[in-house]
Number of protein chains: 2
Amino acid sequence: MTVTLTTREAIARAAGALFEQHGYTGTSVRAVAAEAGVDPALVIRHFGSKEKLFLDTMDLQGHFGGATLGPLEELGERLVATLLGPGRDVRLSAYRAMVRATDSELVRARLLDALEEMFVGPLTPRLPGPHAELRARLIGAQVAGLLDQMALVEDPVLVSVDPDLLTRTYGAAIQALVGVPDPTGGPVS
Amino acid sequence: MTVTLTTREAIARAAGALFEQHGYTGTSVRAVAAEAGVDPALVIRHFGSKEKLFLDTMDLQGHFGGATLGPLEELGERLVATLLGPGRDVRLSAYRAMVRATDSELVRARLLDALEEMFVGPLTPRLPGPHAELRARLIGAQVAGLLDQMALVEDPVLVSVDPDLLTRTYGAAIQALVGVPDPTGGPVS
DNA sequence: GTCTATACGTCGATAGAC
DNA sequence: GTCTATCGACGTATAGAC
């Protein structure tokens with residue numbers, strides 16, 4: 001239990017909640033200050049700008065941590081299962097908030113970095129066959145696309161579809177880029 | 001040649017150019033008015049709001065028109081080839097501008113509609129095997145993911161990679177969801 | 001029916017006094 | 001460190017002139 005919060009912590013906590021709930025544009029510095037119980041000028045003074053406050057608050061790292069490490073035969077399914085597994089809402093909210101703020105160049109750079117750290121770095125040395133780095137980037141693109149439809153535009157069909165079916169179906173498509181066949185069956189099985 | 005423009009056309013033209021160049025947030029109503037040579041209040045008077053002006057200006061339709069119609073065996077490759085073919089820059093710019101403005105609920109709804117019209121509608125009745133609609137939506141997700149990396153965060157590797165290689169590689173991953181094997185070879189070939 | 005002029009309220013950010 | 005006061009720019013509304 002945190003009994004007392006520093007001003008900075010209180011601001012960061014309030015900002016995180018508001019940014020996830022109302023987006024970047026929909027959250028004013030004044031609203032963050034009110035929620036944290038501090039003066040609006042303090043928010044800028046502590047974080048430099050609204051943009052930096054947003055970047056300091058949002059965190060995409062660690063959301064696919066272990067999924068790229070296991071056996072390659074089930075990598076496709078494991079990536080989707082990890083995405084849809086425990087903490088699904090937190091992951092989707094974080095991605096949603098980030099992409100909806102991509103009008104900011106710094107936010108876009110952060111997203112590109114996240115792709116690099118989560119997919120290109122871990123997967124490039126592991127993928128067999130030619131063009132491993134390209135395929136690692138395209139696997140990241142596939143995950144981003146699924147996140148787009150589920151978190152950004154919130155396609156009601158994809159949001160409510162059976163996670164196991166989604167895992168098998170989209171996992172097979174990702175597996176096509178891994179280059180190692182999944183013994184459990186074909187894409188449309 | 002258009003010799004004279006109505007005020008409304010002049011505003012729309014100026015808005016389209018500025019939105020594509022500087023994004024939604026980065027383009028002020030006053031800047032659009034100045035570029036069009038009219039009073040800022042006129043912009044709102046003609047279009048109702050900056051948000052509606054943006055939606056009236058941007059257009060995603062027709063960008064994948066014929067690609068979903070040809071033979072299923074090469075659908076995956078054809079989708080990527082269409083994306084990267086003539087008009088590539090226009091397509092990427094339009095998608096970029098739209099996604100960077102997804103803080104607006106209307107923009108998100110428009111993106112979801114575009115997915116529906118471009119992929120779900122045409123492809124669902126054509127895909128063989130089970131869960132055709134789900135697979136059509138996931139094909140749309142794959143295309144969105146590639147667009148994300150190329151147009152939104154502008155991954156320099158994907159932007160500059162050989163289009164033919166990208167077409168073959170990512171096309172194979174899409175083909176895994178089509179459910180009809182592509183005779184030209186496997187995903188990693 | 002256009003268009004101009006002006007103004008309102010809110011925003012992110014800053015300067016300077018406690 | 002914190003607050004007060006304020007800045008310039010923003011989206012938008014309106015009243016009234018052509």
Side-chain angles (χ1 to χ4, degrees), chain A residues 2-58 97-98 100-110, chain B residues 2-58 97-98 100-110:
Chain A
T2 43
V3 183
T4 50
L5 270 60
T6 68
T7 300
R8 193 190 161 87
E9 281 167 346
I11 293 171
R13 191 163 305 203
L18 290 176
F19 280 139
E20 289 206 356
Q21 207 167 357
H22 303 110
Y24 182 79
T25 308
T27 301
S28 69
V29 171
R30 287 166 168 84
V32 171
E35 179 80 8
V38 303
D39 189 272
L42 269 184
V43 176
I44 300 295
R45 214 142 179 91
H46 274 288
F47 291 89
S49 70
K50 180 185 178 183
E51 201 177 11
K52 287 186 201 156
L53 170 63
F54 180 78
L55 287 169
D56 271 27
T57 297
M58 293 293 141
M98 285 291 288
R100 288 185 188 176
T102 46
D103 234 322
S104 148
E105 191 177 345
L106 289 178
V107 171
R108 295 195 297 271
R110 174 73 61 91
Chain B
T2 42
V3 183
T4 50
L5 269 61
T6 69
T7 300
R8 193 188 162 88
E9 280 167 348
I11 292 171
R13 191 163 304 204
L18 289 176
F19 280 139
E20 288 206 357
Q21 207 167 356
H22 303 109
Y24 182 79
T25 309
T27 301
S28 70
V29 172
R30 286 166 167 85
V32 171
E35 179 80 9
V38 303
D39 189 273
L42 268 186
V43 176
I44 298 295
R45 203 136 182 89
H46 275 288
F47 290 89
S49 70
K50 179 185 177 183
E51 201 178 10
K52 288 185 199 157
L53 170 64
F54 181 77
L55 287 170
D56 272 26
T57 297
M58 293 294 140
M98 285 292 286
R100 288 186 187 177
T102 47
D103 232 323
S104 149
E105 191 176 343
L106 289 177
V107 171
R108 294 195 298 270
R110 173 72 60 92

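A, B, ... follow the sequence lines: proteins, then strands. Residue 1 opens every chain. Given the structure is predicted, the values throughout are model-derived calculations rather than measurements.
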Peer 1: Distance check needed: C/dA13 C1' versus A/Phe47 CZ, whole Å only.
Peer 2: 16 Å
Peer 1: Among B/Met58, B/Arg100, B/Lys50, which residue meets the side-chain contact (heavy atoms from CB on, under 4.5 Å) test with B/Tyr24?
Peer 2: B/Lys50
Peer 1: Rounded to the nearest angstrom, tell me the gap between atom CZ in A/Phe54 and atom P in C/dA13.
Peer 2: 14 Å
Peer 1: Report yes if a side-chain nitrogen or oxygen of A/Thr7 is closer than 4.0 Å to either non-bridging phosphate oxygen (OP1 or OP2) of D/dG1; otherwise report no.
Peer 2: no
Peer 1: Nearest to the side chain of B/Lys50 - D/dT12, D/dC3, C/dG12?
Peer 2: D/dT12
Peer 1: In this structure, how many angstroms lie between the C1' atom of C/dC3 and the CD1 atom of B/Ile44, rounded?
Peer 2: 15 Å
Peer 1: Does the cation-pi check pass for A/Arg8 over A/Phe47, that is, NZ or CZ under 6.0 Å from the six-membered ring centre and within 45° of its axis?
Peer 2: yes
Peer 1: Please state how far atom CG in B/Leu42 lies from atom P in C/dT4, giving the value in whole angstrom units.
Peer 2: 6 Å
Peer 1: Is it the case that C/dG12 (base atoms only) and A/Arg30 (side chain only) share a donor and an acceptor within less than 3.5 Å, ignoring hydrogens and angles?
Peer 2: yes
Peer 1: D/dG1 C1' sits how many Å from A/Ile11 CD1, rounded?
Peer 2: 11 Å
Peer 1: According to a strict under-4.0 Å criterion, is A/His46 in side-chain N/O contact with OP1 or OP2 of D/dG1?
Peer 2: no
Peer 1: Looking at every strand, decide which applies to A/Thr25 at a 4.0 Å heavy-atom threshold: base, sugar-phosphate, or nothing.
Peer 2: nothing
Peer 1: Whole-Å distance between C/dA15 C1' and A/Arg45 CZ?
Peer 2: 8 Å
